[in-house]
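So you know, we letter chains A, B, ... as the sequences are listed, proteins then strands, and number each from 1.
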Protein chains: 2
Amino acid sequence: MTAVLVVDDDPHLLRALRITLQAHGYDVTTAADGHSALLAATQHPLALVILDLGLPDLDGTSVIRELRTWSRVPVLVLSARHGSEDKVEALDAGADDYITKPFGLDELLARLRALLRRTADPDQEPVVTTDAFTVDLGKRRVLRDGQDIRLTPTEWKMLEVLVRNPEKLVTQQQLLSEVWGPAYAKETNYLRVYMAQLRRKLEPGAATPRHLVTEAGIGYRFLP
Amino acid sequence: MTAVLVVDDDPHLLRALRITLQAHGYDVTTAADGHSALLAATQHPLALVILDLGLPDLDGTSVIRELRTWSRVPVLVLSARHGSEDKVEALDAGADDYITKPFGLDELLARLRALLRRTADPDQEPVVTTDAFTVDLGKRRVLRDGQDIRLTPTEWKMLEVLVRNPEKLVTQQQLLSEVWGPAYAKETNYLRVYMAQLRRKLEPGAATPRHLVTEAGIGYRFLP
DNA sequence: GCCGATCTTGACGAATCCTTGACGCCGGCT
DNA sequence: AGCCGGCGTCAAGGATTCGTCAAGATCGGC
């Protein structure tokens, strides 16, 4: 199970996060201040740390710096401040991602997944198969009729997002944000161009996409 | 079980390493200073030693030199310094690998595996064959048409990384980090130069590499 | 200290990839 | 029927990345 340490001095938020994360299959330990957080980090091998910057005893960035003297575990920072200085400071100290309160739980979970994926062991990534093609997430590879299909980096990123959410509807904003970055939420042109590219390479029957389905006005969906 | 000795004067890090390594199936003993480390090394037969350079009593390189007077156990050095002098000194003293803090536990585990593999029985190393050439990891040789091909040390390291990950995409950063070291993550020039060299020596058909494939913008891939 | 092998560095065309805009099709709506 | 917005398609250009080469720098052995 994936071990996550959550550090926050607000007991309500701490509780909410613990329950939510456990409901999504994470093994959660919590800490309410910087010192106990650093202590907890030495007790178990952790897959990820969620850290609030506003702690009672230590500055949040100090916690990161201290942790970084010996560990490179991914750190996702929570902060009430929107200012870019704090953000820069935290990232410079060694944080991996930054999210400001208030935040949506689904956004937190998405960033968390992205962070964990970046440090995941490729050997145990899933292999997704349809009747037309096979996507090997670990080897970063797509097969069709035994031949491997070469995808450009952008094509792959887009396919990866869809394949990691099988059956689920992926909104245009979600796709654009994960592939091109959060600033490209309006460029739905890209989606059309690259979706056509993917279908040309992966879908056998020309005019009828069976695995990469478009939901008009909303987004796309991958069906295995 | 694989016996590992961890030597560090930071009790937190020591504890974290012991827990992590035990969780990955290693038999761990610890020591907090140079003298007790050397003592511990005489008690059990060890498969590997993880050694922090900054010890309270002895210089880390002295520990290595002392150890090397009677043992050939592989030594992985931890250091807080990024300078190349310490690195050279430690390696000259007889260390086998060098990693600077902060480090990722997964990187440590990977280097540890690599180190243990290097001392593995060469007869058990795999021999990978393609229709054009054969790579013998154990004997460190490459054959083509029955003739063995001379590879320079760097060429070999690069080929080895690729061959040990057949069909898998190997990132540019991964290659650079494993062959030249983690500090060379930007020097993609090297990759181009040495990949050309490898292809000239191994790929028969000139213009169409079939076994050493490039994935533009990402990395390379070895196909048997 | 010399010499050969190996590694580094920079420059250049060639290949690949990304972006952008235009166009036609389809379905919903008035 | 006609308008309109969203989608699929295509191709050109510009930007990035790759392969190639060769000349220095560095290393190691004699």
Who are the salt bridge (Lys or Arg N to Asp or Glu O under 4.0 Å) partners of A:Asp123, not counting sequence neighbours?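 For A:Asp123 the salt bridge (Lys or Arg N to Asp or Glu O under 4.0 Å) partners, ignoring immediate neighbours, are B:Lys168.
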Which residues pass the side chain to side chain contact (heavy atoms under 4.5 Å, CB included) test with B:Ala196, not counting sequence neighbours?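 B:Ala196 satisfies side chain to side chain contact (heavy atoms under 4.5 Å, CB included) with B:Arg200 once adjacent residues are dropped.
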Test of understanding: with side chain to side chain contact (heavy atoms under 4.5 Å, CB included), list the residues that count as partners of B:Glu167, not counting sequence neighbours.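 B:Glu167 satisfies side chain to side chain contact (heavy atoms under 4.5 Å, CB included) with A:Lys139, A:Arg141, B:Leu223, B:Pro224 only.
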Nucleic acid contacts of residues 134-141 of chain B, taken as heavy-atom distances under 4.0 Å to DNA chain D: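 Result for residues 134-141 of chain B: none.
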Salt bridge or not for B:Arg150 and B:Glu155, using N-O below 4.0 Å?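 No, B:Arg150 and B:Glu155 are not salt-bridged.
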Any ion pair linking A:Asp96 and A:Arg118 (charged N to carboxylate O, less than 4.0 Å)?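 No, no charged N to carboxylate O under 4.0 Å.
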Pairs under 3.5 angstrom, nitrogen or oxygen only, protein versus nucleotides 24-28 of chain D, please.
none

Let me spell it out: for each of B:Ala196 and A:Ala196, pick the nucleotide of DNA chain D with the closest heavy atom. Which residue's pick is nearer the 5' end?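 Its nearest nucleotide lies further toward 5', so the answer is A:Ala196.
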List, one per line, each side-chain donor-acceptor pair under 3.5 Å for residues 56-63 of chain B, sequence neighbours excluded.
{"residue": "B:Asp57", "atom": "OD1", "partner": "B:Gly34", "partner atom": "N", "Å": "2.9"}
{"residue": "B:Asp57", "atom": "OD2", "partner": "B:Gly34", "partner atom": "N", "Å": "3.2"}
{"residue": "B:Asp57", "atom": "OD2", "partner": "B:His35", "partner atom": "N", "Å": "3.0"}
{"residue": "B:Asp57", "atom": "OD2", "partner": "B:His35", "partner atom": "ND1", "Å": "2.8"}
{"residue": "B:Asp59", "atom": "OD2", "partner": "B:Thr61", "partner atom": "OG1", "Å": "3.0"}

Please table the atom pairs, donor to acceptor, closer than 3.5 Å between any side-chain atom in residues 104-113 of chain A and protein atoms at least two apart or in another chain.
{"residue": "A:Glu107", "atom": "OE2", "partner": "A:Arg111", "partner atom": "NE", "Å": "3.0"}
{"residue": "A:Glu107", "atom": "OE2", "partner": "A:Arg111", "partner atom": "NH2", "Å": "3.4"}
{"residue": "A:Arg111", "atom": "NH1", "partner": "A:Asp97", "partner atom": "OD1", "Å": "3.0"}
{"residue": "A:Arg111", "atom": "NH1", "partner": "A:Asp97", "partner atom": "OD2", "Å": "3.0"}

A:Phe222 and A:Phe133 aromatic ring geometry - parallel, tilted or perpendicular at 30°/60° bounds: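 If you compare the ring of A:Phe133 with that of A:Phe222, the planes turn out tilted.
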For B:Asp33, what residues pass the side chain to side chain donor-acceptor pair (under 3.5 Å) criterion, not counting sequence neighbours?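 Side chain to side chain donor-acceptor pair (under 3.5 Å) list for B:Asp33, sorted by chain: B:Ser36.
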[X] atom [atom1], neighbour heavy-atom count above 12 within 6.0 Å:
| X | atom1 | result |
| --- | --- | --- |
| B:Arg140 | CZ | no |
| A:Lys87 | NZ | no |
| A:Arg81 | CZ | no |

With a 4.0 Å limit, can you tell me whether B:Tyr190 has a side-chain N or O closer than that to the phosphate oxygens OP1/OP2 of C:dT9?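 Checking B:Tyr190 against C:dT9: at least one side-chain N or O falls below 4.0 Å of OP1 or OP2.
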Counting primed atoms plus P, OP1 and OP2 as sugar-phosphate and everything else as base, spell out the protein contacts along nucleotides 23-30 of chain C at 4.0 Å heavy-atom distance: B, S or - for each nucleotide, 5' to 3'. --------
Heavy-atom pair with the smallest gap, counting every atom of A:Glu203 and A:Thr208: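 In terms of heavy atoms, the two residues are closest at OE1-O, 4.4 Å.
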What's the shortest heavy-atom distance between A:Trp70 and B:Pro102, and which atoms?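 Distance-wise, the nearest heavy atoms are N-CB, 4.3 Å.
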Measure from [atom1] on [X] to [atom2] on [N] and round the result to the nearest Å.
| X | N | atom1 | atom2 | value |
| --- | --- | --- | --- | --- |
| B:Leu212 | D:dT20 | CG | P | 12 Å |
| A:Gln197 | C:dT16 | CD | C1' | 12 Å |
| B:Met195 | D:dC21 | CE | P | 16 Å |
| A:Glu187 | C:dC18 | CD | P | 15 Å |
| B:Arg200 | C:dT6 | CZ | C1' | 14 Å |
| A:Trp180 | C:dT20 | CH2 | P | 12 Å |
| B:Leu191 | C:dG10 | CG | P | 16 Å |
| A:Asn189 | D:dG8 | CG | C1' | 11 Å |

With a 3.5 Å cut-off and sequence neighbours excluded, list the donor-acceptor pairs that the side chains of residues 176-195 of chain B form with protein atoms.
{"residue": "B:Asn189", "atom": "OD1", "partner": "B:Arg192", "partner atom": "NH2", "Å": "3.0"}

For DNA chain C, determine which residues of residues 150-158 of chain B have any heavy atom closer than 4.0 angstrom to one of its atoms, and list them numerically.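 When residues 150-158 of chain B is checked for heavy atoms under 4.0 Å from DNA chain C, the hits, listed by number, are B:Arg150, B:Thr152, B:Pro153, B:Thr154.
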Show the numbers, then the answer: is there a salt bridge (Lys or Arg N to Asp or Glu O under 4.0 Å) between B:Asp8 and B:Lys101? CA-CA 12 Å; B:Asp8 200 301; B:Lys101 303 181 193 179; 3.6 Å; yes
Give the nucleotide from the list C:dA11, C:dC7, C:dC18 with an atom nearest to the side chain of A:Tyr194.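 Given the options C:dA11, C:dC7, C:dC18, the side chain of A:Tyr194 is closest to C:dC18.
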List, with names and distances, any nitrogen or oxygen atoms from the protein found under 3.5 Å away from nitrogen or oxygen atoms belonging to nucleotides 14-18 of chain D.
{"residue": "D:dT17", "atom": "O3'", "partner": "B:Gly217", "partner atom": "N", "Å": "3.4"}
{"residue": "D:dC18", "atom": "OP1", "partner": "B:Gln172", "partner atom": "NE2", "Å": "3.0"}
{"residue": "D:dC18", "atom": "OP1", "partner": "B:Gly217", "partner atom": "N", "Å": "3.0"}

